[in-house]
Amino acid sequence: MNIIQTIIIAVVEGLTEFLPVSSTGHMILTQALLGVQSDEFIKMFTVNIQFGAILSVIVLYWKRFIKLNPIKIFEKPENKNLTFFKKIIFYTKRFLEKFNFYKILFIAFLPAAVLGFIFNDYIDSLLESVRVVAIMLVIGGVFMLFVDKWFNKPSENQEIDWLRALKIGFCQCIAMIPGVSRSMATIVGGMSTKLTRKNAAEFSFFLAVPTMAAASGYSLFKLLRTDAGLKLFTEHWSELLIGNIVAFVVAMAAIKFFIDFLTKFGFKIFGWYRIIVGVLILILLLCGVNLNIL
């Protein structure tokens with residue numbers, strides 16, 4: 001994989017990671033169109049450059065991630081007559097309130113972490129199938145044509161509690177199938193619990209941070225634990241660095257665009273896009289065009 005191919009794949013990742021069109025699917029298709037042959041490094045690369053994309057979320061929403069003030073946790077309560085045990089309860093409650101954002105993210109992240117670990121090898125095998133990507137693009141596209149009609153009924157309560165987070169977390173697991181779109185699964189999951197489109201999209205971005213960080217870290221670990229993998233990494237570390245930087249910059253712009261667009265227009269245009277792309281790929285495969293990346 002040369003530098004031009006690296007940049008193109010990273011641009012595709014940055015553009016599609018937070019859009020409901022399947023970033024993994026688009027990167028697999030891009031690899032096939034560019035003629036990039038799959039090996040252990042390429043598999044790791046397509047997962048690991050998601051790290052650059054998640055950094056864009058942390059930068060854009062840094063106040064949500066770095067809003068904790070440890071000093072305030074230990075400020076004395078207004079009621080100075082509390083007993084020792086009541087003080088313990090008071091400080092414990094304040095501590096949990098301050099870290100509630102991370103607790104909710106962890107609960108939502110847990111289903112994908114467990115199932116991803118159990119079915120890792122099977123998921124890796126699906127990452128090489130262009131046909132699976134195309135079929136899931138079409139199925140997901142048809143589903144998205146009706147999402148706004150089915151789920152766009154937000155409630156007044158927009159607080160994400162542990163039960164809402166867990167439901168969204170299980171929806172995220174569907175995105176282990178290439179072509180489904182993690183963004184689509186989690187946003188629709190949030191809307192199914194009566195979150196607004198904007199709040200569901202923002203929580204999807206937040207949930208991407210632990211999910212993609214774990215996936216990126218694990219893929220890098222798997223590569224580096226063997227001598228052959230370590231050699232591949234030392235030979236191609238510059239592509240990995242460039243890919244993450246490009247994905248970070250492009251994802252910053254994509255997030256800003258997506259929030260405004262989704263709030264105003266909904267999912268339908270993304271549904272039609274997925275259907276058109278998926279059908280075109282299936283037609284090419286039926287005509288004998290080689291899009292395999294094996």
Side-chain angles (χ1 to χ4, degrees), residues 1-61 109 112-113 116 120 123-124 126-130 133 172 175-186 204-225 229-258 293:
M1 183 170 64
N2 58 43
I3 295 298
I4 300 299
Q5 291 170 329
T6 298
I7 292 173
I8 292 173
I9 293 172
V11 168
V12 171
E13 158 61 20
L15 283 174
T16 60
E17 181 57 53
F18 300 106
L19 303 183
V21 295
S22 177
S23 62
T24 302
H26 276 71
M27 282 194 289
I28 291 171
L29 297 175
T30 303
Q31 281 178 240
L33 293 171
L34 293 175
V36 176
Q37 297 298 308
S38 182
D39 59 26
E40 290 304 312
F41 176 79
I42 297 300
K43 289 180 182 178
M44 187 276 293
F45 175 84
T46 56
V47 175
N48 195 268
I49 59 170
Q50 294 175 340
F51 184 75
I54 65 174
L55 283 179
S56 66
V57 177
I58 296 174
V59 170
L60 287 172
Y61 293 95
F109 159 73
N120 180 70
I123 294 167
D124 276 352
L126 291 178
L127 290 176
E128 297 177 345
S129 175
V130 175
V133 171
Q172 179 172 242
M176 292 177 184
I177 305 171
V180 169
S181 170
R182 192 206 65 83
S183 177
M184 179 189 75
T186 50
S204 172
F205 299 161
F206 302 151
L207 182 54
V209 174
T211 303
M212 290 155 57
S216 298
Y218 185 59
S219 67
L220 184 61
F221 167 75
K222 285 201 305 180
L223 183 74
L224 296 180
R225 67 181 176 178
L230 183 60
K231 183 180 179 182
L232 277 172
F233 177 79
T234 54
E235 290 175 350
H236 299 285
W237 67 268
S238 59
E239 288 101 313
L240 192 60
L241 178 62
I242 292 169
N244 274 286
I245 292 172
V246 172
F248 168 78
V249 174
V250 176
M252 290 271 285
I255 289 174
K256 291 181 178 180
F257 158 79
F258 180 53
I293 57 174

Fill in: From N2 atom CG to I7 atom CD1, the distance as rounded to the nearest 0.5 Å
9.0 Å
Worksheet item: Looking at P20 and S181, what are the two nearest heavy atoms and their distance?
Response: CA-OG, 3.3 Å
Practice prompt. Any chance you could measure I255, atom CD1, to L19, atom CG, to the nearest 0.5 Å?
Written response: 9.5 Å
Worksheet item: When rounded to the nearest 0.5 angstrom, what distance separates CZ in F45 from CG in L240?
Response: 6.5 Å
Worksheet item: Taking all atoms of both residues into account, what is the closest heavy-atom pair of V180 and M184, and its distance?
Response: O-CE, 3.0 Å
Worksheet item: Can you tell me if CZ on F248 sees more than 12 non-hydrogen neighbours from other groups inside 6.0 Å?
Response: yes
Practice prompt. Report yes if some heavy atom in the side chain of V57 is under 4.5 Å from a heavy atom in the side chain of F18; otherwise report no.
Written response: yes
Worksheet item: Between R182 (side chain) and E17 (backbone), is there a donor-acceptor pair under 3.5 Å?
Response: no
Worksheet, complete the sentence: Closest non-hydrogen atoms of Q172 and A185, given as atom of the first, atom of the second and distance, are CA-CB, 4.3 Å
Fill in: Inter-residue atom distance I245.CD1 - T6.OG1, 0.5 Å rounding
12.0 Å
Item to complete: Would you name the heavy atoms of V12 and T16 that are closest together and state the gap between them?
Response: O-OG1, 2.6 Å
Worksheet item: For the atom pair CD1 (I3) and CD1 (I242), what is the distance rounded to the nearest 0.5 Å?
Response: 3.5 Å
Practice prompt. Heavy atoms only: give me the nearest I8-T30 pair and the separation to one decimal.
Written response: CG2-CG2, 3.9 Å
Worksheet item: Which value, rounded to the nearest 0.5 Å, describes the distance between L15 atom CG and F257 atom CZ?
Response: 10.0 Å
Practice prompt. Would you name the heavy atoms of I54 and M212 that are closest together and state the gap between them?
Written response: CG2-CE, 3.0 Å
Worksheet item: Taking the inter-plane angle between the rings of F205 and F258 on a 0 to 90° scale, is it parallel (under 30°), tilted (30 to 60°) or perpendicular (over 60°)?
Response: tilted
